[in-house]
Amino acid sequence: MFGIPGKQAVTITPKAAGQIAKLMAKDGHTGLRIGVKKGGCAGMEYTMEYVTETNPLDEVVEQDGARVMIAPMAQMFLFGTEIDYEVSLLEAGFKFNNPNVTEACGCGESIKFKDQDIAAAS
């Protein structure tokens with residue numbers, strides 16, 4: 001919907017692609033849908049859910065056995081995002097390197113976008 005012809009909406013690092021593919025295979029899911037919703041101290045939060053069916057309006061990105069679907073309302077916020085998977089001594093999880101984020105809370109799970117107020121009014 002908000003893409004540039006010939007350019008994927010998001011990129012997936014090899015670590016993230018491996019983890020997504022592993023999660024897909026574990027329970028027979030067809031992919032991982034990412035989106036955004038209102039919430040958190042900065043105003044918006046990322047959402048992630050396993051899916052068994054693709055919504056025809058989802059933007060689908062496939063790489064190295066991983067399939068990510070971007071929910072229609074999140075596409076303008078996630079365009080240009082790199083999805084990574086990081087493991088540290090205390091935690092492991094997906095990390096979104098999103099050029100559209102203008103603020104993030106200390107924990108990194110809540111974000112604010114440049115055009116967030118305009119989108120919220122729609």
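Counting begins at 1 with the first residue of the sequence.
- Across every non-hydrogen atom of D64 and A21, the tightest pair is O-CB, 4.3 Å.
- Under the side-chain hydrogen bond (donor to acceptor under 3.5 Å, both in side chains) criterion, E82 pairs with N97, not counting sequence neighbours.
- Nearest heavy atom pair, residue I70 against residue A9, reads CD1-CB, 3.6 Å.
- Once rounded to the nearest 0.5 Å, the distance linking CD1 of I20 with CD of E62 reads 11.5 Å.
- The two atoms that bring R33 and D58 nearest to each other are NH2-OD2, 2.8 Å, heavy atoms only.
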**OP:** Verify side chain to side chain contact (heavy atoms under 4.5 Å, CB included) between M24 and T30, making sure each step is shown before the conclusion.
**Re:** CA-CA 6 Å; M24 286 171 50; T30 59; 5.7 Å; no
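- Looking at heavy atoms from C-beta onward, R67 lies out of side-chain contact with L32 at the 4.5 angstrom threshold.
- Between F77 and N98, the shortest heavy-atom contact is O-ND2, 3.0 Å.
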Original post:
Hey, mind stepping through I83 and I34 against side chain to side chain contact (heavy atoms under 4.5 Å, CB included) and telling me if it holds?
Top reply: CA-CA 10 Å; I83 302 170; I34 59 174; 3.6 Å; yes
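- Side chain of Q75 to backbone of G35: no donor-acceptor contact under 3.5 angstrom is found.
- The residues K15 and D84 are annotated as not salt-bridged, no charged nitrogen and carboxylate oxygen being separated by less than 4.0 angstrom.
- Taking the six-membered ring for Trp and thresholds of 30 and 60 degrees, F96 and Y46 have nearly parallel ring planes, at less than 30 degrees apart.
- Rounded to the nearest 0.5 Å, atoms CE (M73) and CE (M76) are 6.0 Å apart.
- Its side chain within the 4.5 Å cluster rule, V51 clusters with V60, M69 among the Ile, Leu, Val, Met, Phe, Trp and Tyr residues.
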**OP:** Apply the test side chain to side chain contact (heavy atoms under 4.5 Å, CB included) to residues M48 and F94: give CA-CA distance (whole Å), side-chain angles for both, the deciding distance (0.1 Å), then the verdict.
**Re:** CA-CA 10 Å; M48 299 177 79; F94 290 100; 3.5 Å; yes
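- The shortest non-hydrogen separation linking H29 to L23 is CD2-O, 4.0 Å.
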Original post:
Would V10 and F79 count as a side chain to side chain contact (heavy atoms under 4.5 Å, CB included) if you check the C-alpha gap in whole Å, the side-chain angles of each, and the deciding distance to 0.1 Å?
Top reply: CA-CA 6 Å; V10 299; F79 190 79; over 6 Å; no
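- For the pair V61/I12, a side-chain contact is recorded, criterion being any heavy-atom separation below 4.5 Å from C-beta on.
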